[in-house]
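Below is one structure; the comments refer to it alone.
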Number of protein chains: 2
Amino acid sequence: MLESHYSDIRSLEVFAAMDDDQFEALMRGSYVQNFPPQIELISEGEPSDFLHIVLSGSVDLFSSWNGRETSMATIHPISTFILAATIKDAPYLMSARTLEKSRVVLIPSQDVRAIFMRDAEFARAIVGELAQCYRTAIKSTKDLRLRTSLERLANYILRQQKRAGGSAKIELLTEKRRLASYLGMTPENLSRAFKGLVPYGVTVNGNRIHITDQEDLERFAKPSPLIDDYRT
Amino acid sequence: MLESHYSDIRSLEVFAAMDDDQFEALMRGSYVQNFPPQIELISEGEPSDFLHIVLSGSVDLFSSWNGRETSMATIHPISTFILAATIKDAPYLMSARTLEKSRVVLIPSQDVRAIFMRDAEFARAIVGELAQCYRTAIKSTKDLRLRTSLERLANYILRQQKRAGGSAKIELLTEKRRLASYLGMTPENLSRAFKGLVPYGVTVNGNRIHITDQEDLERFAKPSPLIDDYRT
DNA sequence: CTGAAGCATTGACATTTATCAATCGTGTCT
DNA sequence: AGACACGATTGATAAATGTCAATGCTTCAG
């Protein structure tokens, strides 16, 4: 693998504290590949052969059952995904597909596990990462169980606004059909939900969202750090 | 703390491999307490002062938002809970209450974090535990997103049956109102869902569930190891 | 420029789920 | 035994969400 990405990857929390030699070893065994959009990188149920890192582009994690499909999360650069399956040497619970042209690092799971056993700093870093993933999953479950679809959309908009710096005008970076799936509803209902937010100070035009009444929206959405703050 | 529980706790996967001295140190700083039923042990949002271990009885993890409440999981002996919050030194995302008279070990979170930094074996064991928790959370999200309430109930019954050894007659160990909350529905709908399963070979009488047609139920429930097998 | 493809939107309708109120059943206390 | 408390069930109704079909709007290839 080209050394040009080393520093980017190294700056990830999971790899930051580990031993130099171990990191080199990990990188030497890994591959970097470019994928076109809509390529299925992994399929749920398969053994976890590689730990993945998105360097550029974006990746959708989704799951299927009985002919239905749901989008579980979107991975943006630079981050790893399916770390838990790699560590436990267990089958993937989600499938992954590129949303756009993406550059992805593949690190053989065996190597990750071997170095996990050797390098205590690496092990500790993985603890931090997994705890984060777990807590994010719990938050997402709370979002789903405690809120209606309208409330989920309202809070999603507020989260995106925060990520974008707090401006009253933000842009949707995902297709609406995928956003609908992510929010646990149909595209038709997402359309209606956007209309349902007009009384609370939200207007939509294509990908542009305009928050005309921040206070009103927040009063309706009732965002909570225990659900909506993905950093803690 | 009394030494009589040491071996029980030590046999937990998280504590099994760690250094003897470190384990002793952890135990020396911890408390064992007996709680009556319906006591709120922790509240979401609070700082995570203690790692908890249920020795006997059972504990319900639940969350609230905007006046609504949902049961997230039930903890049975012997297991830890809220490990992620302890390790990250972050606020609890869920509240916990005893369901029955319960014996609980409280280990100061500071001690856990200190020993986590010192003992590499402990750190690795925590990785295993967190990966497990994460994967269980993902499975539960898939259950919720991909299945109707009737399907969730059907699969719940099959999981309980497996846990109970596979007999055609099993007993519900939880109140129906709490089961309803856990399955993401109202008690009224749980009643109707049980009736809705009669055509697929399930009859209910109080706490007793009788699976009269195993094949039919499985054909309807379509259980999947990627959702319903909590061990992998 | 034009047509085809694909997503988004809308309306009508069906299904699922929640809510409210009443009733039933069971166990407990006196 | 009788009264009470409490969860479970039932029925009627409302609200939320999904489905289907038709239409609108962009984008992009030819």
Side-chain angles (χ1 to χ4, degrees), chain A residues 36-38 60 64-71 97 99-101 143-157 171-200 202-209 220-221, chain B residues 37-38 60 65-71 97 99-100 143-157 171-200 202-210 220-221:
Chain A
Q38 303 301 334
D60 188 39
S64 310
W65 178 80
N66 196 24
R68 294 165 218 166
E69 183 181 307
T70 185
S71 175
R97 75 163 72 90
L99 290 170
E100 40 188 324
K101 193 165 161 301
D143 189 46
L144 211 57
R145 296 177 82 123
L146 291 166
R147 290 171 171 164
T148 66
S149 58
L150 198 58
E151 290 162 344
R152 288 200 295 277
L153 175 59
N155 281 290
Y156 175 84
I157 291 173
E171 208 154 326
L172 283 181
L173 17 59
T174 84
E175 257 186 327
K176 283 186 184 162
R177 51 170 43 231
R178 242 175 20 79
L179 173 58
S181 175
Y182 171 72
L183 292 174
M185 55 179 123
T186 58
E188 291 96 326
N189 263 325
L190 178 60
S191 267
R192 291 168 190 133
F194 273 124
K195 293 206 164 160
L197 287 182
V198 170
Y200 302 106
V202 177
T203 58
V204 185
N205 195 312
N207 282 336
R208 294 178 198 293
I209 297 184
F220 171 73
Chain B
Q38 304 299 333
D60 189 39
W65 178 80
N66 195 24
R68 294 165 220 166
E69 184 182 306
T70 185
S71 176
R97 75 163 71 93
L99 289 171
E100 40 187 324
D143 189 46
L144 212 57
R145 296 177 83 123
L146 292 166
R147 290 172 171 163
T148 66
S149 58
L150 198 57
E151 290 163 345
R152 288 200 294 278
L153 176 59
N155 280 289
Y156 174 84
I157 290 173
E171 207 154 325
L172 284 181
L173 16 60
T174 84
E175 258 186 327
K176 283 187 184 161
R177 50 170 43 232
R178 242 173 24 76
L179 174 58
S181 175
Y182 171 72
L183 291 174
M185 55 179 122
T186 58
E188 292 96 326
N189 264 326
L190 178 60
S191 265
R192 290 171 191 131
F194 273 124
K195 292 206 165 161
L197 287 182
V198 170
Y200 302 106
V202 178
T203 57
V204 185
N205 195 309
N207 282 336
R208 295 179 196 292
I209 297 184
H210 189 184
F220 171 73

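Below, read A as the first sequence line, B as the second, and so on, with proteins coming before strands; counting in each chain starts at 1.
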How about CZ on A:R208, more than 12 heavy atoms from neighbouring residues, nucleotides or ligands closer than 6.0 Å, or not? no
In the structure I gave you, are the side-chain heavy atoms of A:Y182 and A:T174 within less than 4.5 Å of one another anywhere? no
Can you tell me how far P of C:dG6 sits from CG of A:N207, to the nearest Å? 19 Å
Please report the distance, rounded to the nearest Å, between CE in B:M185 and P in C:dT19. 14 Å
Is the shortest side-chain heavy-atom distance between B:L197 and B:F220 below 4.5 Å? yes
Check: A:N155 side chain, A:A221 main-chain N or O, donor-acceptor pair, under 3.5 Å: yes
Would a distance-only check, ignoring hydrogens and angles, find a side-chain to backbone donor-acceptor pair under 3.5 Å from A:R152 to A:R147? yes
Nearest-Å distance, CG (B:L150) to P (C:dA18)? 13 Å
Quick check: does any side chain N or O of A:S181 sit under 3.5 Å from a backbone N or O of A:S71, one acting as donor and the other as acceptor? yes
Reading DNA chain D 5' to 3', which nucleotide is the first, and which the last, to come under 4.0 Å of any heavy atom in chain A? D:dT17 to D:dC20
Please confirm whether the backbone N or O of B:G206 pairs with a side-chain atom of B:K176, one donor and one acceptor, at under 3.5 Å? yes
Which pairs, protein N/O on one side and nucleotides 8-12 of chain C N/O on the other, fall under 3.5 Å?
residue	atom	partner	partner atom	Å
C:dA8	OP1	A:K176	N	2.8
C:dA8	OP2	A:R177	N	3.2
C:dT9	OP1	A:K176	NZ	2.8
C:dT9	OP2	A:S191	OG	2.8
C:dT9	O5'	A:S191	OG	3.2
C:dT10	OP1	A:K195	NZ	2.5
C:dT10	OP2	A:K195	NZ	2.4
C:dT10	O5'	A:K195	NZ	3.1
C:dG11	N7	A:R192	NH2	3.0
C:dG11	O6	A:R192	NH2	2.8
C:dA12	N6	A:R192	NH2	3.1

For residues B:L99 and B:Q38, report the shortest heavy-atom separation together with the two atoms involved. O-NE2, 4.1 Å
